[in-house]
Structure formats: structure tokens, C-alpha cells
Amino acid sequence: MRNLKAQWKKSALLSCCVLFMHPSYPAYSMQDIGNEQSNIDIVEMSLSDIAVAIKDGRTTSVAVTQAYLDRIENIDNSGPTLNSIIATMPDALEQAKKLDEELAAGKMRGPLHGVPIVVKDNIEVAGNVPTTAGSFALINNITNRDAPLVTGLRRSGAVILGKANLSQWANIRSTNSTSGWSSVGGLVKNPYALDRNSCGSSSGSGAAAAASLAAGTVGTETDGSVTCPAAINGLVGIKPTVGMVSRTHVVPISRSQDTAGPMTRNVRDAAMMLSAMAGSDPKDPYTKDADKWRGDFTAGLSADGLRGLRLVVPMDRLGSNDEHIAYFMKMVDKIKTAGATIIEAKDTITGYDGLGEAEYFVLLTELKSDMALYLQGLPDSLVPHKTLADLIAFNNANADRELQHFGQEIFDQAEATGGVDDPGYAAARAKSLDLAGRKGIDGILSLYNADLMLQPSNGPAWLSTLGKGDNYSGPSASNWAAVAGYPHITVPMGYLNELPIGISFIGRKWHDHNVIKAGYAFEQLTKARKAPTYKASVGK
């Protein structure tokens with residue numbers, strides 16, 4: 001894994017003259033920034049507390065940024081060697097210096113002023129670092145443009161610290177893939193047990209946030225890739241309503257289901273990040289109503305936020321692990337004591353046959369069309385690949401590097417589809433929306449007169465076995481919300497065999513604020529999160 005990362009840096013230097021700055025080699029002399037040292041311990045420190053400390057003058061953005069760069073060197077590049085960060089931004093300290101100067105001059109951009117954030121490496125960031133999606137096919141993909149969600153973070157004052165490793169192509173290449181592996185970044189390790197998986201595809205974002213390598217991170221989800229790595233790494237993850245956050249300049253899978261979302265160590269921090277990231281974008285028609293629903297998602301957060309809520313628990317979607325179910329039901333009892341009404345719903349899965357097949361056909365079809373649209377918007381001189389077929393050919397030509405652990409049968413299946421003009425595509429999408437939305441989330445909430453759905457997020461982390469796929473454990477709460485495009489928050493609820501598990505609150509379309517408020521109240525009730533200890537292995 002270390003060799004892979006070193007190989008990537010060497011290859012990038014030779015092929016496109018990009019310097020991927022190692023934390024030991026700052027973008028400019030430390031004398032230029034006053035050689036400041038942070039007097040605040042960033043480990044487990046919340047994003048909001050860091051922001052206040054910078055605002056109050058107890059530390060500086062430069063000092064905090066340097067502290068994170070040092071920690072990336074000590075935790076990610078050496079020590080446990082998490083492989084969660086693909087690259088740090090060469091101008092990270094320069095960004096921080098500028099923000100410190102602005103603050104000294106009385107200008108504060110927003111609530112994230114001076115706070116370092118890491119974004120997943122399928123999201124474009126302006127600077128001398130490519131957006132690779134974990135593949136050498138995009139190793140020269142330096143567009144020097146910010147995705148609108150990154151623009152929002154910068155507008156709020158964030159320092160873009162670096163890019164997070166991910167499951168290559170956001171885990172859409174092979175049915176036998178190992179989540180968290182990319183040819184560019186190697187395999188991400190789970191900081192709670194280094195032989196365990198960090199889930200996909202935002203595995204690097206999850207491990208980095210859990211290990212305090214940034215104040216917060218950004219992941220992307222098509223189905224479970226924010227909420228699963230968040231839960232498995234003991235984090236809060238918000239998968240917003242599809243259309244709340246622009247997907248422009250993000251390497252795509254699906255126009256219907258893709259979204260970015262924040263991953264942090266507490267709910268307030270995630271709400272702060274989502275407030276900065278959300279908004280309408282004329283280039284992304286799905287976001288046309290976002291400005292009507294966006295706002296300050298930290299407003300109204302209260303420890304009493306569960307009181308009076310009606311929460312429906314789909315009892316046949318709890319999985320088969322008795323220990324996990326018992327733990328979840330113990331949390332349900334706590335929620336009852338906080339004043340919520342719990343409705344235990346029976347037989348909710350009946351009548352949903354065919355959803356998985358319809359969703360899969362939609363994803364295959366949109367992958368072929370949407371990937372081509374993205375690739376065709378890139379400069380030919382940097383990225384000659386313009387279609388999914390071109391990527392398949394690149395992988396075959398570079399199989400020793402790109403296909404070393406598993407194949408690309410999903411790519412092949414997607415290439416064989418007829419694209420979004422195929423009448424079967426529209427029928428599959430309509431079926432997906434009907435089953436996951438109208439009959440699924442909306443139907444169950446209406447049937448039981450409930451405000452939100454409540455489920456275990458997923459099981460604990462499994463052993464990483466490269467080339468043997470993923471051994472997902474426990475249930476997954478992601479599917480209906482992902483397919484329908486509805487909001488979903490996961491919050492830490494405890495541990496099984498020392499491995500984190502999360503609880504999920506799922507709501508109706510555009511009701512992101514409601515799920516965030518419920519998640520915050522649960523967090524205050526339980527305070528379940530514990531810092532990782534980087535053990536080689538744990539439990540059974």
C-alpha cells in the first residue's frame with residue numbers, strides 16, 4: 001500500500017509535473033507564516049470548538065492546519081498508516097495564512113473561518129492536485145476549478161486541507177471489490193481495528209475524520225457511501241436530500257442518487273458543513289429547489305429534540321444479529337425516555353420485490369451516460385478518455401495496476417446498456433421511486449402517522465480481504481433513502497466487540513433539518529462516540 005502511494009506520487013511528478021506536497025515539505029517556508037505552533041490539542045476537538053478558538057484568537061488557522069498536517073504524517077503516512085489521505089493541498093498553509101490575515105483585518109468569512117477540511121478525491125478542488133477517483137486513468141485530471149460544494153466551504157472560511165482516499169470509482173467497478181481500495185491510494189484501514197474495513201466508497205473520508213486528521217471531511221454517496229463509512233468509523237454522516245448539494249465537478253455514478261455529504265465527530269459540526277455546502281446550482285437541475293430548503297442547519301438543535309416525535313421502526317429490517325438487535329432496542333428504549341413515541345412496524349418489506357434489480361439497472365445506465373458527460377468536459381490534453389468504454393480499455397491495458405485485485409464486470413455491464421434513452425431505463429427509475437419513495441419511506445411514514453424512520457445504520461466493520469469482496473455484516477439502512485433521494489443521518493450509538501455501530505434517522509424529501517435535529521438530540525442523550533485506539537485487531 002505504501003508502495004502504491006509512492007508510485008502514484010512518482011508517476012504524477014513524471015507525467016504532469018505536479019508536486020504532491022508531503023507534510024514534511026511545506027508549500028513555502030515556515031518563516032513566512034511565523035513558525036507558529038498550535039497551543040490546542042486537535043485530537044477529538046470539534047470543528048465548532050476549533051472555529052471558536054480561531055475566532056477568539058486562542059490559536060490561528062496556520063497553527064491548526066500545521067497540526068493536522070503533522071498528524072497526517074504521524075498517523076496516515078506512518079504509525080498506523082491508515083492510507084486515508086491521497087494528497088495534502090500544496091497551498092494549505094498559504095490558505096490558512098490568508099484567512100488569519102483576513103481575521104486580523106476584521107473580516108470573517110463565515111462559521112468555518114480557518115477550519116481545515118478534507119474532501120473525497122472524486123470532488124474537484126482548485127490547485128495543483130488532480131481529482132483521480134482513485135484511478136490512474138485520471139492521474140492528470142487537474143482542472144484548477146472548485147466544485148460548487150467546495151466553493152461553499154471556502155465561502156464559509158474553510159481551509160481545503162487535502163483529498164481523501166476512496167474505493168476506486170466510488171465502488172462501482174466490480175461486484176468483488178474490497179471497499180476502501182484504490183490503485184492510487186492503496187487500502188484504507190479502519191482506525192478502530194487496522195485489519196477491518198472502513199466501508200465504501202468514502203472510506204478515506206471516514207477513517208480520516210475518525211482519526212482527527214481534519215476537523216471534518218466530505219464524502220459522497222450513491223447508496224450507503226456516506227452513512228456506512230460514517231457509522232463504521234464512529235462518526236456522524238449526513239446523506240442529504242439529492243439536490244440539496246450540487247454534483248457539478250464531481251466524478252459521477254448516478255444523476256438520480258449521487259450526493260455529497262459531511263462526515264464529522266458530532267452532529268453540530270456536520271450541520272455546519274452542510275449549511276456551507278448546500279445551495280442551488282444552475283448547472284445541476286436537481287438543485288433547483290435547494291435554496292428554498294437550505295439554511296442554518298444548526299438552528300434549533302436541542303437536547304430535547306426527540307420529545308413529541310413519532311418514530312417508526314421497521315422491525316423486519318433489523319438484520320439477524322441478536323446482539324446487534326438487542327443493542328439497538330436498548331437505544332430505542334432510551335429514545336422513549338426522551339419523550340418520543342416509538343411505533344414498531346411489522347412486515348414492511350412485503351411488496352418491495354424488484355427494487356434492487358430496478359436500482360441496479362438505473363445505476364448501470366446512468367453510469368455509462370453520466371461518466372461520459374463528465375469525461376467529455378475535461379481537457380483532452382490531460383484526460384484523453386472520453387467514454388466508459390475508454391476507461392475499460394485503459395484498465396485492460398494497465399491491468400497489473402488497475403485490475404490487480406478484482407475485475408471490472410460492473411463497468412462491462414454498464415457499457416452494455418443502451419444509455420438513458422433506453423425506454424427500459426425510464427421504467428426502472430419510475431419503479432425505483434415508487435417502491436423506495438411513495439410506497440417505501442413516504443408510505444410507511446403516512447401509514448403510521450410518523451415523523452421519521454428509525455433503524456440500525458449497518459453492522460460493525462468486517463475484515464478487509466483484498467480480492468475477496470466485502471463481507472457486509474448486519475442490516476443496511478441506506479437503500480430506500482438513497483434510491484428515493486431522501487435525507488438520512490447516522491449517529492454513533494455504541495460498540496459491538498469494540499467496533500462502532502450507528503443509528504439512522506430517515507425523513508421525507510427536503511426534511512433534512514428534521515433528521516439533523518433528531519440526530520442531535522439522540523447524540524446528547526447517549527454521548528456514545530469514543531476515540532479510536534488503532535489496535536491491530538479486535539473482537540471476534
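What you see below is based on every heavy atom in this structure, not just the backbone, and it leaves out hydrogens, waters and symmetry mates.
Gln404 and Ser183 are not linked by any side-chain donor-acceptor pair at a separation below 3.5 angstrom, with hydrogens and angles left out of the test. For the 3.5 Å distance criterion, the side chains of Lys120 and Ser201 qualify, holding a donor opposite an acceptor. Between the side chains of Thr490 and Ser457, at least one donor-acceptor pair of N or O atoms lies under 3.5 Å. No side-chain donor from either of Thr264 and Asp269 sits under 3.5 Å from a side-chain acceptor of the other. If you check the side chains of Asp296 and Thr298, you find a donor sitting under 3.5 Å from an acceptor. Thr131 and Lys163 share a side-chain donor-acceptor pair at under 3.5 Å. A side-chain donor-acceptor contact under 3.5 Å links Thr220 and Asn122. Side-chain N/O atoms of Ser182 and Gln168 include no donor and acceptor closer than 3.5 Å. With no hydrogens or angles considered, no side-chain donor-acceptor pair links Asn165 and Asp121 at under 3.5 Å. Side-chain contact of Glu359 with Gln257: a donor-acceptor pair under 3.5 Å is present, judged by distance alone. At a cut-off of 3.5 Å, with distance as the only test, no side-chain donor of Asp284 or Thr248 sits close to an acceptor on the other residue. A side-chain donor-acceptor contact under 3.5 Å links Glu124 and Thr143.
Between the side chain of Thr417 and the main chain of Ala414, a donor-acceptor pair closer than 3.5 Å is present. Ser275 contributes a side-chain N or O that, together with a main-chain N or O of Gly295, makes up a donor-acceptor pair within less than 3.5 Å. Although no hydrogens or angles enter the test, the distance criterion places a donor-acceptor pair under 3.5 Å between the side chain of Asn176 and the main chain of Gly467. Asn141 places no side-chain N or O within donor-acceptor distance of the main-chain N or O of Leu382, the cut-off being under 3.5 Å. Although no hydrogens or angles enter the test, the distance criterion places a donor-acceptor pair under 3.5 Å between the side chain of His385 and the main chain of Ala137. Side-chain atoms of Asp470 come within 3.5 Å of backbone atoms of Ser179 as a donor-acceptor pair (strictly under, hydrogens ignored). Between the Glu221 side chain and the Gly224 main chain, a donor and an acceptor come within less than 3.5 Å of each other. Under the 3.5 Å distance criterion, the side-chain polar atoms of Asn83 are matched with a main-chain donor or acceptor of Leu187.
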* **Lys386 vs Asp380, salt bridge (Lys or Arg N to Asp or Glu O under 4.0 Å): CA-CA, chis, key distance, verdict** => CA-CA 8 Å; Lys386 298 303 173 187; Asp380 294 351; 3.0 Å; yes

* To do: Would you check, one step at a time, whether the test side chain to side chain donor-acceptor pair (under 3.5 Å) holds for Glu402 with Asn396?
  => CA-CA 8 Å; Glu402 297 293 296; Asn396 286 330; over 6 Å; no

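Using a 4.0 Å cut-off between charged nitrogen and carboxylate oxygen, Asp434 and Lys431 do not count as a salt-bridge pair. Ionic pairing of Arg508 and Asp451 is not present here: no N-O contact between side-chain nitrogen and carboxylate oxygen is shorter than 4.0 angstrom. We find that Arg247 and Asp258 are not joined by a salt bridge, their nearest charged nitrogen and carboxylate oxygen being 4.0 Å or further apart.
Across Pro460 and Leu499, no two heavy atoms sit closer than the pair CB-CB, 3.8 Å. Taking all atoms of both residues into account, the shortest heavy-atom contact from Trp462 to Cys199 is CH2-SG, 3.8 Å.
Using a 4.5 Å heavy-atom cutoff, the side chains of Val218 and Leu149 are in contact. A 4.5 Å side-chain heavy-atom check between Lys239 and Thr259 finds at least one atom pair inside the cut-off. Taking the side chain as every heavy atom from C-beta outward, Ser212 and Arg265 approach each other to under 4.5 Å. With a 4.5 Å cut-off on side-chain heavy atoms, Ser167 and Trp181 do not count as touching. Within the 4.5 Å cutoff, the side chain of Asn197 has no heavy atoms near those of the Ile232 side chain. In this structure the side chain of Asp370 never reaches within 4.5 angstrom of the side chain of Tyr374, judged on heavy atoms. The shortest side-chain heavy-atom distance between Arg154 and Ile160 falls under the 4.5 Å cut-off. The shortest side-chain heavy-atom distance between Ile501 and Phe328 does not fall under the 4.5 Å cut-off.
Tyr486 has its ring centre no less than 6.0 Å from the ring centre of Trp480.
Within the model, atoms OG1 of Thr175 and OH of Tyr360 stand 6.5 Å from one another, a figure rounded to the nearest 0.5 Å.
Around NZ of Lys509, the count of heavy atoms belonging to other residues, nucleotides or ligands within 6.0 Å does not exceed 12.
Among Val250, Thr287, Leu274, the single residue meeting the side-chain contact (heavy atoms from CB on, under 4.5 Å) criterion with Val245 is Leu274.
For the pair Arg401 and Phe136, the cation sits on the ring face: its NZ or CZ lies under 6.0 Å from the ring centre, inside 45° of the axis.
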